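Accompanying notes for the structure given below.
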Amino acid sequence: MQHVQTKFRSHTCGQLRSGDIPRKVQLAGWVDSYRDHGGLVFIDLRDREGVTQVVFDPDSCGKDVHDIARSLRTEWVISVEGEVEDRGADDKGRSLHNAKLATGDIEIRARAITVLSQSPTPPFLPSDEGVSEERRLKYRFIDLRRPDMLETLRVRYQLTRIMRDFLGSQGFWEIETPMLTKSTPEGARDFIVPSRHQPGNFYALPQSPQLFKQLLMVSGCDKYMQIVRCFRDEDPRADRQAEFTQLDLEMSFVDREDVIGVVEKLTAEIWKGILGKEVSLPIPHITYDVAMDTYGSDRPDLRFDMQLHNITDIAHTTDFGVFKSAPMVKCIVVPDGSKMTRAQTDGLAEWAKTFGAKGLAVTKVAATGFDTGVAKFINPVAAQIIERTGAKEGDLLAFAADKPKVVHKVLGELRLKLARDLNIKPKADFAFVWVIDFPAFEYDAEEKRFVALHHPFTAPKDDELHKLDSREVDVVESIKAKAYDLVLNGSEVAGGSIRIHRMDIQSKVFSLLGIDVEAQRAKFGFLLDGLQFGAPPHGGIAFGVDRWVMLLRGTDNIRDVIAFPKTQSGADLMCGAPSSIDDRQLRDTHIRVNLPPKVETPKA
RNA sequence: GGGCGCGUAGCUCAAUUGGUUAGAGUACCGGACUGUCGAUCCGGAUGUUGCGGGUUCGAGUCCCGUCGCGCUCGCCA
């Protein structure tokens with residue numbers, strides 16, 4: 001990396017080695033720590049690139065400089081001039097090199113110093129461990145000084161740079177799309193922005209540039225990409241927040257495998273560029289149906305087995321009411337799970353209830369048949385179940401009996417939980433898989449209408465178009481879409497689809513979703529216009545950049561990979577957003593705040 | 001919106017069944033010290049126990065409310 005010399009420094013704090021002896025240099029940075037021996041003063045000087053020890057010896061720097069050195073405190077910002085010298089050995093001949101530092105063979109013998117900034121005692125030091133996240137977020141600028149955090153920012157930049165470089169080499173253009181856009185009826189809750197010019201009207205922040213990128217295809221841009229901020233006003237989780245970043249891309253004249261091919265090459269570039277590892281291509285495909293059936297999830301973690309076994313037919317032959325009456329009964333085999341105590345298995349049942357299950361049936365595999373739990377109800381079919389599941393003595397069987405949706409949710413989550421809790425050794429560090437053939441639509445019993453599983457612009461598979469006129473739940477739910485998700489270690493890291501490029505089909509889909517012609521014009525008129533005036537077949541995908549950085553850095557906290565993240569309540573603890581605004585700002589936009597009455601409590 | 005957990009010195013934590021003046025490490029301040037790198041040694045200062053109310057002779061501790069933070073279910077096309 002080329003480093004820019006300035007009047008403050010000739011080198012960075014991570015740069016100098018024994019080969020630089022006896023060069024005259026100037027470094028600038030933060031005082032990471034100081035060790036004052038009365039005579040010698042040692043300063044560890046830190047910048048983005050590393051740490052270099054500076055020694056102030058009154059015999060070589062003079063009294064004035066030495067006095068300043070003694071007054072330095074942590075996190076002051078200084079610039080130092082001196083010579084690079086070997087650290088040598090002590091009087092007993094022991095090397096004074098420090099193996100913990102990349103620059104540990106050398107030090108700077110200071111000749112001059114400039115204090116560029118002082119600092120009071122900081123709320124915490126970059127080297128402090130275990131500082132609460134609340135403190136770290138309030139003083140994020142200090143938190144980000146930690147080498148680990150700077151490294152994450154570097155990796156994040158490296159990632160987006162590889163994305164831009166690779167896609168650029170494949171003919172993609174990065175094109176910006178509006179941040180102030182139109183609220184969409186489907187999907188997540190929008191963040192809204194009032195319009196001053198049009199009182200009573202609102203922009204929405206984009207949930208994704210979906211429609212714009214499709215229209216760019218209509219425009220003949222052919223290959224579009226953008227690293228873009230997206231906004232969804234929904235409650236956060238450990239791995240998601242309301243404001244997040246996507247690598248968005250779209251291509252013309254393609255079908256599913258064309259998009260997948262580009263994305264796989266990009267993935268391999270990222271893996272090589274950042275982790276120095278090869279991704280073996282092609283990445284395997286699994287259909288949605290198989291993923292749900294086998295792993296209970298549409299984003300299966302393939303690093304370990306513990307697959308779901310369907311024993312509905314066997315369960316229905318028992319006299320066990322729970323099994324007999326359930327629409328679906330599945331189980332997983334927990335290797336060596338007999339070791340679990342009654343308290344632990346009871347705990348699992350409680351835990352299962354949080355996912356809407358009525359409970360979780362377990363039993364242990366003994367030498368002959370089942371033991372404990374629901375054994376007495378199902379022992380007559382023990383041989384059949386053991387044969388189907390391949391369970392061995394000492395294993396634990398966990399059953400879910402319910403509607404398919406609940407069975408899959410509970411066992412899918414249980415699989416992940418047990419892999420964590422029991423420390424089941426992964427078969428690989430990283431397991432990529434494409435999940436394909438998603439259902440296009442799902443019937444929403446509460447709203448009594450069909451909803452799009454991916455989004456309403458996803459193309460159904462070619463041989464299923466005739467089903468779009470049906471309104472029968474079974475028929476409509478059987479329509480497969482040209483949608484695909486790239487899944488890594490149980491995390492959806494990219495998702496996309498081939499889009500509908502014919503207006504007649506798009507209209508049919510809107511109708512199926514219960515959006516009448518008038519609403520179609522009002523909400524999506526511009527898209528329909530675009531499709532009407534010559535749209536090429538097109539499709540694309542979006543990568544969750546934050547999640548990629550999390551995986552590359554091995555963190556499960558999204559806030560670790562965002563420079564200035566938000567808390568669970570959407571607050572920025574550093575700048576204090578969101579906050580009230582001036583009356584003037586409210587007047588300009590004709591907004592009156594109407595809060596429910598609230599108990600006044602002084603701020604903590 | 002629901003469930004669970006946390007909130008004590010700048011920071012990380014402790015404080016027995018509710019019981020004396022709320023402690024420790026570190027950071028900080030002063031002093032000593034010429035090869036440290038978690039420097040060392042001597043000395044010092046440091047509190048709205050998140051906030052409000054209640055129970056009690058007595059509350060960091062128990063109860064109610066509230067605020068903040070985290071995990072999570074719902075939600076996230």
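Chain identifiers are assigned alphabetically (A, B, ...) following the order of the sequence lines, protein sequences preceding nucleic acid strands; residue numbering begins at 1 within each chain. No experiment lies behind these values; they were computed from the predicted model shown.
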Taking only N and O in the side chain of Y34(A), is any of them less than 4.0 Å away from OP1 or OP2 of C28(B)?
yes
Are any of K353(A)'s side-chain N or O atoms less than 4.0 Å away from OP1 or OP2 of G3(B)?
no
U72(B) and C11(B): how far apart are their C1' atoms, nearest whole angstrom?
28 Å
Just checking E446(A): base, sugar-phosphate only, or nothing, at a heavy-atom cut-off of under 4.0 Å?
nothing
Kindly confirm whether the side-chain ring of F42(A) is stacked on the base of U36(B), judged by centres under 5.5 Å and planes under 30°.
yes
Using purine N1 to pyrimidine N3 plus N6-O4 or O6-N4 for Watson-Crick, or N1-O2 and O6-N3 for G-U wobble, both under 3.5 Å, which nucleotide pairs with C71(B)?
G3(B)
Got a donor-acceptor pair under 3.5 Å from the side chain of E107(A) to the base of G35(B)?
yes
Quick one: label S60(A) by what it contacts on the DNA or RNA (base, sugar-phosphate, nothing), any heavy atom closer than 4.0 Å.
nothing
Scan side-chain atoms only and decide if N557(A) and E133(A) contain a donor-acceptor pair under the 3.5 Å cut-off.
yes
Please check if any side-chain donor atom of T177(A) sits under 3.5 Å from a side-chain acceptor atom of Q226(A), or the reverse.
yes
When you get a sec, tell me which of G68(B), C33(B), A39(B) is the closest nucleotide to the side chain of D36(A)?
C33(B)
Mind running side-chain contact (heavy atoms from CB on, under 4.5 Å) on M574(A) and F141(A) for me, showing each step along the way?
CA-CA 9 Å; M574(A) 183 182 70; F141(A) 39 85; 3.8 Å; yes
In whole Å, what is the span from the CZ atom of F56(A) to the C1' atom of G35(B)?
15 Å
Here the distance between atom P of C37(B) and atom NE2 of H37(A), to the nearest Å, is 7 Å
Interatomic distance, E85(A) CD vs G35(B) C1' [rounded to whole Å]
11 Å
With sugar-phosphate meaning primed atoms plus P, OP1 and OP2, does V131(A) contact a base, only sugar-phosphate, or nothing at under 4.0 Å between heavy atoms?
sugar-phosphate
Would you mind classifying the nucleic acid contact of L101(A) as base, sugar-phosphate or nothing, using non-hydrogen atoms under 4.0 angstrom?
nothing
On the side chain of R240(A), is there an atom forming a donor-acceptor pair with the base of C75(B) - under 3.5 Å, no angle test?
yes
Applying a 4.0 Å non-hydrogen cut-off, can you work out what R87(A) is touching in the nucleic acid: base, sugar-phosphate, or nothing?
base
Name the residue closer to the 5' end of RNA chain B, choosing between G38(A) and Q53(A) according to the nucleotide with the nearest heavy atom.
G38(A)
Would you say a side-chain N or O of S132(A) is under 4.0 Å from OP1 or OP2 of C6(B)?
no
Given the C1' atoms of G54(B) and A45(B), what is the spacing between them in whole Å?
36 Å
5′-ward residue of the pair G39(A)/S33(A) relative to RNA chain B
G39(A)
Check the side chains of Y224(A) and D248(A) for a donor-acceptor pair under 3.5 angstrom, ignoring hydrogens and angles.
yes
Determine whether the side chains of S478(A) and K467(A) contain a donor N or O and an acceptor N or O closer than 3.5 Å.
yes
Using the 3.5 Å cut-off, write out each protein N or O paired with an N or O of nucleotides 70-73 of chain B and the distance between them.
| residue | atom | partner | partner atom | Å |
| --- | --- | --- | --- | --- |
| G70(B) | OP1 | Q568(A) | N | 3.3 |
| G70(B) | OP2 | Q568(A) | N | 2.8 |
| G70(B) | O3' | R559(A) | NH2 | 3.1 |
| C71(B) | OP1 | R559(A) | NH2 | 3.0 |
| C71(B) | OP2 | Q568(A) | NE2 | 2.7 |
| C71(B) | N4 | Q568(A) | OE1 | 3.2 |
| U72(B) | OP2 | A238(A) | N | 3.1 |
| U72(B) | O4 | Q568(A) | OE1 | 3.4 |
| C73(B) | OP2 | R237(A) | NE | 3.2 |
| C73(B) | O2' | T354(A) | O | 3.2 |

Classify the side-chain pair N98(A)/Q53(A) by whether it contains a donor and acceptor separated by less than 3.5 Å.
no
Expressed in whole Å, how much space separates the C1' atoms belonging to G50(B) and A9(B)?
15 Å
Taking any heavy-atom pair under 4.0 Å as a contact, classify R109(A): base, sugar-phosphate, or nothing.
base
Using only atom types and a distance under 3.5 Å, with no angle test, would you say the side chain of D90(A) pairs donor to acceptor with the backbone of K92(A)?
yes
In whole angstrom, give me the gap between the C1' atoms of G5(B) and G19(B).
28 Å
Check every strand shown and say whether P456(A) touches a base, only sugar-phosphate, or nothing at a heavy-atom separation below 4.0 Å.
base
Does G25(B) pair with anything, Watson-Crick or G-U wobble, both distances under 3.5 Å, and if so, with which nucleotide?
C11(B)
R547(A) and Q246(A): side chain donor to acceptor below 3.5 Å
no
Considering only the C1' atoms, how many Å lie between G53(B) and A59(B), rounded to the nearest integer?
13 Å
Mark yes or no for a side-chain to base donor-acceptor pair under 3.5 Å between E129(A) and U12(B), with no hydrogen or angle criteria applied.
no
Determine whether a donor-acceptor pair (N or O, by modelled atom type, separation under 3.5 Å) exists between the side chain of T458(A) and the backbone of H455(A).
yes
Looking across every strand, which nucleic acid part, if any, lies under 4.0 Å from A571(A) by heavy atom: base, sugar-phosphate, or nothing?
sugar-phosphate
L125(A) has an atom CG; how far is it from atom P of C11(B), in whole Å?
12 Å
Check for a donor-acceptor pair, side chain of R111(A) on one end and backbone N or O of S60(A) on the other, with a separation under 3.5 Å.
yes
For the pair made of CD in Q246(A) and C1' in C76(B), what is the distance, rounded to whole Å?
12 Å
D437(A) and T287(A): side chain donor to acceptor below 3.5 Å:
no
Could you work out the separation of G65(B) and G2(B) based on their P atoms and round it to a whole Å?
12 Å
Which base sits across from C37(B) as a Watson-Crick or G-U pair, both distances under 3.5 Å?
none
Among C37(B), A27(B), U34(B), which is the nearest nucleotide to the side chain of D57(A)?
U34(B)
Return the nucleotide paired to C76(B): Watson-Crick means purine N1 to pyrimidine N3 with N6-O4 or O6-N4, wobble means G-U with N1-O2 and O6-N3, both under 3.5 Å.
none
Using whole Å, what does the distance between atom P of nucleotide U36(B) and atom CG of D32(A) come to?
19 Å
For R35(A) and G38(B), give me the distance from atom CZ to atom C1', rounded to whole Å.
9 Å
If G65(B) has a Watson-Crick or G-U wobble mate with both distances under 3.5 Å, name it; if not, just say none.
C51(B)
Distance between C1' atoms of U56(B) and A14(B) (Å, rounded):
25 Å
For C62(B) and G10(B), measure between their C1' atoms and round to the nearest Å.
31 Å
Can you see if the side chain of R135(A) gets near the phosphate of C11(B) - specifically, an N or O under 4.0 Å from OP1 or OP2?
yes
Side chain of L40(A) only, please: which of C28(B), C37(B), G35(B) is the nearest?
G35(B)
I558(A) CD1 to C76(B) P, straight-line distance once rounded to whole Å
18 Å
